[in-house]
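What follows is a set of notes on a single structure, which appears directly below.
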Amino acid sequence: MPCRLAITSMSLGRSYAGHSFAHKLDMAQAYGYKGIELFHEDLADIAKQLGHPTAEESELAAATLIRQMCHARDLTILCLQPFAGYEGLLDRAEQARRLDQLRFWFRLAKALGTDMVQIPSSFLPASQCTGDRARIVADLRRVADMGLAEGIRFVFEALCFGTHTDTWEASWEIVQAVDRPNFGLCLDTFNIAGRVYADPASATGCGGTSPTAAHAALQESLARMRALVDVSKVFYVQVVDAERLASPLKPGHVFYDASQPARMSWSRNCRLFYGERDRGRTCPLELFHRRMADRDPGVPRELARRGAVSWGKLVADMGLRVEDEVYDERVDEVVGMVTRTAKVERDG
């Protein structure tokens with residue numbers, strides 16, 4: 001199956017840090033990206049600028065504009081995300097409100113020209129959501145059935161800091177139980193390894209009794225994945241890495257947040273593109289990193305460039321067959337350009 005390079009829109013810089021959506025798209029186009037996962041934050045930012053009489057009118061107009069902007073740059077919109085904090089809600093009135101929001105998201109998705117909405121597993125406090133698997137499945141089956149009537153697909157992702165669904169195994173069980181053709185799986189390398197292998201609150205950076213045991217657990221988990229998961233139900237894969245922290249993410253650490261699990265704080269601040277060994281431990285690409293919130297106007301170009309170089313490494317390391325037959329040459333050009341630029345900057 002041919003692979004193509006995509007990136008989440010917020011991974012090129014956050015809108016609240018002054019990074020315009022148009023500039024981010026320009027950088028995506030310049031570095032050979034084929035598509036974007038649209039983060040709703042970017043859509044809402046454009047909607048505020050349009051200033052229509054109602055928020056819904058503004059968002060629908062923004063969706064139409066975004067579709068035009070992406071089309072002009074030959075970028076496909078893969079999905080709208082994240083529809084978060086829905087499944088297992090204990091407050092059923094709030095759940096009904098979220099379903100009304102989802103119905104509007106269907107309209108947004110159609111205006112954007114995509115048929116997919118991403119649902120990450122809930123990371124709401126346990127006091128607000130149930131771990132009852134039957135309730136979670138019923139909730140997600142309901143949205144899947146709503147989507148079937150509208151031609152919308154859903155891609156479900158287990159977050160390693162999810163309140164009740166935090167492993168790929170749990171998300172795969174849910175996808176199977178929902179049992180709808182439009183409800184599939186997102187496999188994210190960070191969230192897979194971030195639960196079974198890594199632990200940022202540990203002195204070793206690994207879970208289990210030792211790094212060796214953590215590595216063995218990861219290998220066993222991946223073997224199960226190969227044996228159990230129907231690849232036709234994997235709607236897309238996100239490739240992301242993260243920094244190995246110099247000290248455990250505990251009280252006193254610069255990234256510590258008492259309101260968040262350690263893995264969530266780590267995720268929000270320290271994700272890396274594949275193969276960025278010089279930035280920490282060793283891609284659509286979905287980067288969450290503190291650099292995205294910097295107001296430096298060079299952020300979108302830097303992140304687009306880093307992602308393109310990462311993609312080149314991934315294609316080479318994994319022997320991927322890419323959608324564009326000439327893309328390997330384009331990756332070589334990007335890598336060469338980055339190398340030359342770095343040399344010029346280093347030599348002054």
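Sequential numbering from 1 along the given sequence is applied to the chain's residues.
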Gap separating the [atom1] atom of [X] from the [atom2] atom of [Y], nearest 0.5 angstrom:
X	Y	atom1	atom2	result
R195	L218	CZ	CG	13.5 Å
I77	L112	CD1	CG	4.5 Å
D132	L90	CG	CG	10.0 Å
L5	I7	CG	CD1	7.5 Å
L65	S58	CG	OG	12.0 Å
L222	W168	CG	CH2	8.5 Å

Side chains of [X] and [Y], heavy atoms from C-beta outward: is any pair under 4.5 Å?
X	Y	value
K233	W172	yes
F21	S9	yes
V229	L185	yes
Q118	E157	yes
C79	Y236	yes
H215	T212	no
F154	L102	yes
F156	L140	yes

Check: Name the one of L25, T114, T76 that satisfies side chain to side chain contact (heavy atoms under 4.5 Å, CB included) with I36?
Finding: L25
Heavy-atom closest pair, residues [X] and [Y]:
X	Y	answer
A62	I46	CB-CG2, 3.8 Å
C270	L245	SG-CD2, 3.8 Å
Y33	A308	OH-N, 3.1 Å
L12	A28	CD1-CB, 4.1 Å
Q29	R73	NE2-CA, 3.6 Å
A201	K250	O-CE, 2.9 Å

Taking [X] for the side chain and [Y] for the main chain, is one N or O donor matched with an acceptor at less than 3.5 Å?
X	Y	value
R263	N191	no
S20	H23	yes
R14	M10	no
S121	T165	yes
D139	G88	yes
H164	C129	yes

Check whether [X] and [Y] end up in the same hydrophobic cluster, where Ile, Leu, Val, Met, Phe, Trp and Tyr are linked by side-chain heavy atoms less than 4.5 Å apart.
X	Y	answer
L89	F83	no
M27	F273	no
F106	L38	yes
L75	L303	yes
V117	L60	yes

Notebook entry, point to check: Can you tell me if CG on D100 sees more than 12 non-hydrogen neighbours from other groups inside 6.0 Å?
Noted result: yes
Margin query: Does H71, at its NE2 atom, have more than 12 non-hydrogen atoms belonging to other residues, nucleotides or ligands within less than 6.0 Å?
Written below: no
Please set out all donor-acceptor pairs under 3.5 angstrom arising from side-chain atoms of residues 141-148, sequence neighbours excluded.
| unit_1 | atom_1 | unit_2 | atom_2 | d |
| --- | --- | --- | --- | --- |
| R141 | NE | V178 | O | 3.3 |
| R141 | NH2 | A177 | O | 2.5 |
| D145 | OD1 | R180 | NE | 2.6 |

Check: Within 45 degrees of the axis of the six-membered ring of F183 and under 6.0 Å from its centre: does R153 put its NZ or CZ there?
Finding: no
Checklist line | Cationic tip of R271 above F190 ring, under 6.0 Å, 45° of axis | finding: yes
Next item on the list: Carefully, step by step, assess I174 and I136 under the rule side-chain contact (heavy atoms from CB on, under 4.5 Å).
Entry: CA-CA 8 Å; I174 288 171; I136 290 171; 3.9 Å; yes
Next item on the list: Run the numbers on H253 and S247 for side-chain contact (heavy atoms from CB on, under 4.5 Å), then give the verdict.
Entry: CA-CA 8 Å; H253 194 283; S247 60; 3.3 Å; yes
Margin query: Can you confirm if the aromatic rings of W266 and F255 lie within a centre distance of less than 6.0 Å?
Written below: no
Is [Y] paired with [X] through a side-chain N to carboxylate O contact shorter than 4.0 Å?
X	Y	answer
E59	R107	no
K24	D42	yes
E302	R305	no

Item checked: L272 and V240: CA distance, side-chain angles, deciding distance, side-chain contact (heavy atoms from CB on, under 4.5 Å) verdict -> CA-CA 6 Å; L272 298 174; V240 199; over 6 Å; no
Margin query: One pair to check against side-chain hydrogen bond (donor to acceptor under 3.5 Å, both in side chains): Q260 and S265. What are the steps and the verdict?
Written below: CA-CA 6 Å; Q260 297 178 350; S265 300; 2.8 Å; yes
Notebook entry, point to check: Taking it one step at a time, do E169 and S221 satisfy side-chain hydrogen bond (donor to acceptor under 3.5 Å, both in side chains)?
Noted result: CA-CA 9 Å; E169 290 96 336; S221 179; 3.2 Å; yes
Next item on the list: Check the pair Q95, R98 against side-chain hydrogen bond (donor to acceptor under 3.5 Å, both in side chains), reporting the backbone distance first and the verdict last.
Entry: CA-CA 5 Å; Q95 190 202 51; R98 296 303 314 283; over 6 Å; no
Margin query: E37 vs Q238, test: side-chain contact (heavy atoms from CB on, under 4.5 Å). Steps then yes/no.
Written below: CA-CA 11 Å; E37 295 179 49; Q238 293 174 327; 3.0 Å; yes
